[in-house]
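Take a look at the structure below.
These numbers were taken from a predicted model, which means no experiment stands behind them.
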Amino acid sequence: MEIKKKCFWSLLTLMLVAMVSLSLSSCGDDDDDDGGGNPLVGTWSCSSHYIDRVSYDGGTDTYTFKSNGTYEWKCRGWDNESGKYYYNNSLSTLTITNQKGTTWVYVIPTLTDSYFVMIDEDGDSYTYSKR
């Protein structure tokens, strides 16, 4: 029963974040799609994460997003990973496919010049700061 509650609350949280993201993105400037560049391009380091309702400061991983749609992920204690990514500004989603073909979709409720937040399908949240 506890697993069902956790899944329900995780799904509810993810749906609420997606709805808020969609409503906020519809209020934005219509000049977002002018081809002026991808806001994710650059190197980002994890500064905090929130997993299973517990907050952790700091992180051990770094994403480098390149303008050609490829990325590199490095994490202490894990194999480095690379592949392709796609950021959908209108849906506030980031889709990542690694070199093995595994795909993840994240909701991006916040993206600024200095940091972004991504939420996975379990409702876990990760904050990355630009290097």
Side-chain angles (χ1 to χ4, degrees):
M1 187 65 167
E2 184 63 32
I3 293 175
K4 286 183 181 181
K5 282 184 182 179
K6 181 180 176 186
C7 288
F8 171 77
W9 286 110
S10 294
L11 182 60
L12 181 62
T13 301
L14 188 59
M15 288 173 41
L16 287 173
V17 168
M19 288 188 313
V20 169
S21 297
L22 287 173
S23 67
L24 291 176
S25 67
S26 66
C27 297
D29 187 2
D30 288 337
D31 293 333
D32 290 342
D33 295 326
D34 65 358
N38 182 332
L40 279 177
V41 170
T43 300
W44 304 82
S45 295
C46 187
S47 54
S48 67
H49 49 280
Y50 184 81
I51 300 173
D52 293 331
R53 293 183 251 171
V54 178
S55 181
Y56 302 92
D57 287 333
T60 58
D61 67 308
T62 302
Y63 275 102
T64 299
F65 296 104
K66 300 178 182 177
S67 60
N68 66 359
T70 63
Y71 79 94
E72 293 177 357
W73 178 74
K74 296 179 182 178
C75 184
R76 201 170 42 240
W78 292 77
D79 290 336
N80 292 343
E81 186 176 286
S82 61
K84 296 183 184 254
Y85 77 95
Y86 174 72
Y87 174 66
N88 186 321
N89 189 35
S90 62
L91 294 178
S92 299
T93 58
L94 171 63
T95 303
I96 295 175
T97 303
N98 70 10
Q99 70 272 19
K100 296 177 184 175
T102 305
T103 299
W104 296 272
V105 178
Y106 299 95
V107 174
I108 308 292
T110 305
L111 174 57
T112 71
D113 290 339
S114 59
Y115 77 98
F116 75 92
V117 176
M118 70 181 193
I119 300 173
D120 67 17
E121 69 276 0
D122 295 325
D124 297 332
S125 171
Y126 305 85
T127 301
Y128 288 84
S129 300
K130 195 152 198 180
R131 285 176 136 189

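- Residue pairs meeting the salt bridge (charged side-chain N to carboxylate O under 4.0 Å, His left out) criterion with at least one partner in residues 93-116, sequence neighbours excluded, do not occur; the list is empty.
- In this structure, Y71 and F65 have tilted ring planes: the angle between them lies in the 30° to 60° band.
- Two residues are said to be in side-chain contact when any heavy atoms from C-beta on lie closer than 4.5 Å; V107 and P109 meet this criterion.
- Using a 4.5 Å cut-off on side-chain heavy atoms (C-beta onward), Y126 and D120 make contact.
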Chi angles and distances behind the side chain to side chain contact (heavy atoms under 4.5 Å, CB included) call for I96, Y63: CA-CA 11 Å; I96 295 175; Y63 275 102; 3.8 Å; yes
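- The six-membered or imidazole ring of Y85 lies away from that of Y87, with a centre-to-centre distance of 6.0 Å or more.
- Atoms CG and NZ, on L111 and K130 in that order, are 9.0 Å from each other to the nearest 0.5 Å.
- Distance check, rounded to the nearest 0.5 Å: OG1 of T110 to CD1 of I119 gives 8.0 Å.
- By the 30° and 60° cut-offs, the orientation of the rings of F116 relative to Y128 is parallel.
- Considering only heavy atoms from C-beta on, M118 stays 4.5 Å or farther from W104 through its side chain.
- Under a hydrophobic clustering in which Ile, Leu, Val, Met, Phe, Trp and Tyr are joined whenever their side-chain heavy atoms come within less than 4.5 Å, directly or via other members, Y106 and V41 fall into the same cluster.
- Put simply, the side chain of S47 gets close to the backbone of T127: a donor and an acceptor are under 3.5 Å apart.
- W78 places none of its side-chain heavy atoms less than 4.5 Å from the side chain of D61.
- Put simply, the side chain of D122 never gets that close to the backbone of D124: no donor and acceptor are under 3.5 Å apart.
- With sequence neighbours left out, T93 forms a side-chain contact (heavy atoms from CB on, under 4.5 Å) with N88, L91, V105.
- With sequence neighbours left out, T103 forms a side-chain contact (heavy atoms from CB on, under 4.5 Å) with T95, T97.
- The structure places OG1 of T43 at 9.0 Å from NZ of K66, a figure rounded to the nearest 0.5 Å.
- More than 12 heavy-atom neighbours from other residues, nucleotides or ligands sit within 6.0 angstrom of CG on N68.
- Under the 3.5 Å distance criterion, the side-chain polar atoms of E72 are left unmatched by any main-chain donor or acceptor of T64.
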